[in-house]
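Chain identifiers are assigned alphabetically (A, B, ...) following the order of the sequence lines, protein sequences preceding nucleic acid strands; residue numbering begins at 1 within each chain.
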Protein chains: 2
Amino acid sequence: MLTFTEENYIKALLKLTEEVGVEAVGTNELAAHLGVKPATVTDMLKRLKEKQLVSYEKYGKVSLSVSGRSLAIDVLRKHRLWETFLCRCLGFPWHQVHEIAEQLEHIQSNELMDRLDAFLGFPQIDPHGDLIPSKDGVFQVKPKRTLSMLAATQSAVLIGVGDNSAAFLQYVDSVGLQLGSEILVKRIQPYDALIEIEINGKTSQVSQKFADQIFVDTPAQRDEISDVGLDVEGDL
Amino acid sequence: MLTFTEENYIKALLKLTEEVGVEAVGTNELAAHLGVKPATVTDMLKRLKEKQLVSYEKYGKVSLSVSGRSLAIDVLRKHRLWETFLCRCLGFPWHQVHEIAEQLEHIQSNELMDRLDAFLGFPQIDPHGDLIPSKDGVFQVKPKRTLSMLAATQSAVLIGVGDNSAAFLQYVDSVGLQLGSEILVKRIQPYDALIEIEINGKTSQVSQKFADQIFVDTPAQRDEISDVGLDVEGDL
DNA sequence: TTTCAATGTTAGACGAATCTAACTTAATTA
DNA sequence: TAATTAAGTTAGATTCGTCTAACATTGAAA
């Protein structure tokens with residue numbers, strides 16, 4: 001049985017490796033992500049290694065072991081199922097659910113999650129557009145196309161976000177975006193690279209940084225089999 | 001903000017005082033109820049006193065302060081709302097919900113509980129027949145009539161149980177009882193005081209100890225204004 | 001190749017929650 | 001009232017998760 005904190009460490013490791021497509025991470029990076037000091041992480045990594053959850057050598061990078069990864073995926077599954085419950089059943093706005101799910105994800109009961117899963121109708125994506133891992137731990141991050149990759153005149157549909165913080169999500173709300181919204185890129189400012197977008201007739205200017213966190217699906221992409229041909233055309 | 005453990009201590013204090021109708025409890029009793037050693041309780045009581053949650057003097061009995069009581073009631077409210085959710089929405093049998101609710105009751109979010117309360121339709125009693133405290137902390141234990149108080153030939157309706165352990169509740173299930181079941185006391189063994197009861201045509205023998213934990217409502221009692229006239233008649 | 005900044009580790013400390021073993025106080029009974 | 005038992009406390013240790021301050025290693029630039 002893992003402690004609350006151990007679960008958070010392995011969940012962070014999963015985020016910092018697979019969601020970024022990187023093999024292993026350093027102590028500092030992990031510490032920054034968890035909001036603790038590097039020394040604390042070093043201590044914890046020793047414990048996690050003893051429990052065979054990570055592979056780690058002094059002064060080296062860390063990565064999850066097979067069993068660590070599988071436990072981390074389970075935590076992530078719980079997190080996303082709870083988020084779905086909070087939005088769909090209790091009517092929470094999407095920017096509020098992450099924080100509460102951070103607590104709920106540590107509740108220990110497999111039966112609870114199975115029943116919640118069934119109650120929700122076995123959802124596949126959570127309120128932020130992220131895939132919910134299946135019960136048997138199948139979890140895969142597919143490569144993502146972001147708003148910042150689009151050229152002027154292209155349009156796309158919002159399918160997810162790369163940042164679940166309340167501040168970011170409220171910003172997303174404020175430009176009128178929700179999952180499924182159609183986004184038209186009107187122009188890109190040559191001077192400062194600000195992107196002018198239109199959603200439901202409403203025009204906004206957003207930064208590169210913002211656009212990097214907006215995951216989209218383009219009409220052309222929807223017809224593609226793989227990621228070979230990358231030229232897409234806006235068709236509005 | 002209280003820790004998980006502090007919440008458990010004040011919840012235990014609430015149980016051991018108000019549900020029993022007693023002013024204050026001793027260190028040993030509290031320790032036994034929480035499954036820790038008396039020494040541990042002494043340490044914790046100092047901390048709880050510092051936080052003004054209890055009134056306590058060395059070698060004396062402990063009782064909740066006004067603010068401690070109010071926080072304890074809030075934990076109890078969360079516990080019972082979650083139990084209601086687990087039974088009504090997720091279809092858990094009543095003997096499984098207590099343990100999971102012991103974890104869920106510590107989730108920190110008032111908004112979560114308000115929304116869950118509304119989602120459930122503002123329930124007043126939980127799956128074990130216990131009153132759910134209202135949001136403003138109104139909580140009161142009404143005096144209870146138990147199965148062991150009934151005489152032969154009397155009948156009554158199950159309205160609650162005094163023990164939420166899985167072992168007890170599964171026993172209750174096994175004699176065919178659920179909330180609302182009509183119980184007929186057929187006879188009481190003169191020799192060993194075993195009580196012979198009938199539920200939906202099924203006859204069982206139960207002990208005094210068991211019967212003490214079965215809360216019932218009798219037809220006569222339902223017509224009473226207060227607890228003045230206590231003679232009740234079975235009317236089957 | 002040497003130096004130095006970035007990264008990471010160790011040592012020692014602390015608070016929370018627990019324990020055991022030894023001690024003290026209170027209550028009961030003879 | 002004195003002795004004995006029950007109840008409660010203190011002291012010192014342990015584990016977990018964290019910190020700060022000092023030290024060690026790595027790797028990239030001069």
Side-chain angles (χ1 to χ4, degrees), chain A residues 1-17 20 22-64 68 71-72 75 102-103 105-108, chain B residues 1-13 16-17 20 22-64 68 71-72 75 102-103 105-108:
Chain A
M1 185 107 310
L2 303 192
T3 67
F4 198 100
T5 312
E6 286 166 342
E7 287 193 343
N8 283 334
Y9 275 77
I10 60 173
K11 193 183 50 150
L13 278 168
L14 189 73
K15 267 233 167 83
L16 294 177
T17 53
V20 182
V22 131
E23 264 305 304
V25 294
T27 310
N28 275 0
E29 192 184 352
L30 192 48
H33 189 263
L34 288 163
V36 301
K37 302 291 163 184
T40 308
V41 170
T42 300
D43 281 355
M44 179 58 91
L45 288 180
K46 286 181 198 157
R47 258 171 281 160
L48 293 179
K49 191 188 173 183
E50 249 166 46
K51 295 198 175 185
Q52 323 228 329
L53 298 169
V54 299
S55 77
Y56 162 67
E57 295 305 329
K58 235 169 117 167
Y59 294 107
K61 304 264 179 187
V62 208
S63 59
L64 285 168
L71 288 168
V75 176
E102 286 285 302
Q103 299 178 61
E105 73 191 6
H106 301 292
I107 302 292
Q108 308 283 174
Chain B
M1 186 107 307
L2 302 192
T3 67
F4 197 101
T5 311
E6 287 166 342
E7 287 193 343
N8 282 333
Y9 274 77
I10 59 172
K11 194 182 51 146
L13 278 168
L16 294 176
T17 54
V20 182
V22 131
E23 264 306 305
V25 294
T27 310
N28 276 1
E29 191 183 353
L30 192 49
H33 189 263
L34 288 164
V36 299
K37 301 293 165 184
T40 309
V41 171
T42 301
D43 280 356
M44 179 57 92
L45 288 181
K46 286 181 198 157
R47 258 172 281 158
L48 294 179
K49 191 189 175 181
E50 249 165 46
K51 295 197 175 184
Q52 323 226 329
L53 297 169
V54 299
S55 78
Y56 163 67
E57 294 307 328
K58 231 169 119 163
Y59 294 106
K61 303 264 178 187
V62 207
S63 61
L64 286 169
L71 289 168
V75 176
E102 286 285 303
Q103 298 178 61
E105 73 190 5
H106 301 292
I107 303 291
Q108 307 283 176

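Counting to the nearest Å, the C1' atom of D:dA7 and the NZ atom of B:Lys61 are 9 Å from each other. For A:Asp43 and D:dC16, the CG to P distance is 12 Å, given to the nearest whole Å. Between B:Glu57 atom CD and C:dT24 atom P there is a gap of 21 Å when expressed in whole angstrom units. Put simply, CG on B:Leu2 is 10 Å from P on C:dA17, counting in whole angstrom units. Atom-to-atom, CG of A:Leu34 to P of D:dT18 comes out at 8 Å; the value is rounded to the nearest Å. A straight line from CG of B:Asn28 to C1' of C:dA27 spans 14 Å, rounded to a whole angstrom. Straight-line distance from the NZ atom of B:Lys51 to the P atom of C:dG15: 14 Å, rounded to whole Å. As a whole-Å value, the separation of B:Leu45 CG from C:dT18 P is 12 Å.
Between the side chain of A:Gln103 and the main chain of B:Gln108, a donor-acceptor pair closer than 3.5 Å is present. A donor-acceptor pair is defined here as one N or O able to donate and one able to accept, closer than 3.5 Å; no such pair exists between the side chain of A:Lys49 and the backbone of A:Val54.
Remark: A:Thr3 is in phosphate contact with D:dG17, judged by side-chain N or O atoms under 4.0 Å from OP1 or OP2. Side-chain nitrogen and oxygen atoms of B:Arg47 include at least one within less than 4.0 Å of the OP1 or OP2 phosphate oxygen of C:dA17. In this model, the phosphate group of C:dT10 is approached by a side-chain N or O of A:Lys46 to a distance below 4.0 Å at OP1 or OP2. Proximity of A:Thr5 to the phosphate of D:dC16: no side-chain N or O atom is located under 4.0 Å from OP1 or OP2. OP1 or OP2 of C:dT10 lies within a sub-4.0 Å distance of a side-chain N or O belonging to A:Lys58. Put simply, A:Tyr56 has a side-chain N or O that comes within less than 4.0 Å of OP1 or OP2 on C:dT9. Put simply, B:Thr42 has no side-chain N or O that comes within less than 4.0 Å of OP1 or OP2 on D:dG8. Contact annotation: A:Thr40 reaches the phosphate of D:dC19 (side-chain N/O to OP1 or OP2, under 4.0 Å). Phosphate contact (OP1/OP2 of C:dT18, side-chain N/O of B:Tyr9, threshold under 4.0 Å): present.
At a threshold of 4.0 Å, the pair A:Glu6-A:Lys51 counts as salt-bridged, since one of the basic side-chain nitrogens sits closer than that to a carboxylate oxygen. A salt bridge links A:Glu102 to A:Lys11: at least one charged side-chain nitrogen sits closer than 4.0 Å to a carboxylate oxygen.
Side-chain contact check for B:Thr42 and B:Thr27: no donor-acceptor pair (N or O, by modelled atom type) lies under 3.5 Å.
The 5' end of DNA chain D is approached more closely, in terms of each residue's nearest nucleotide, by B:Tyr59 than by the other of B:Tyr59 and A:Met44.
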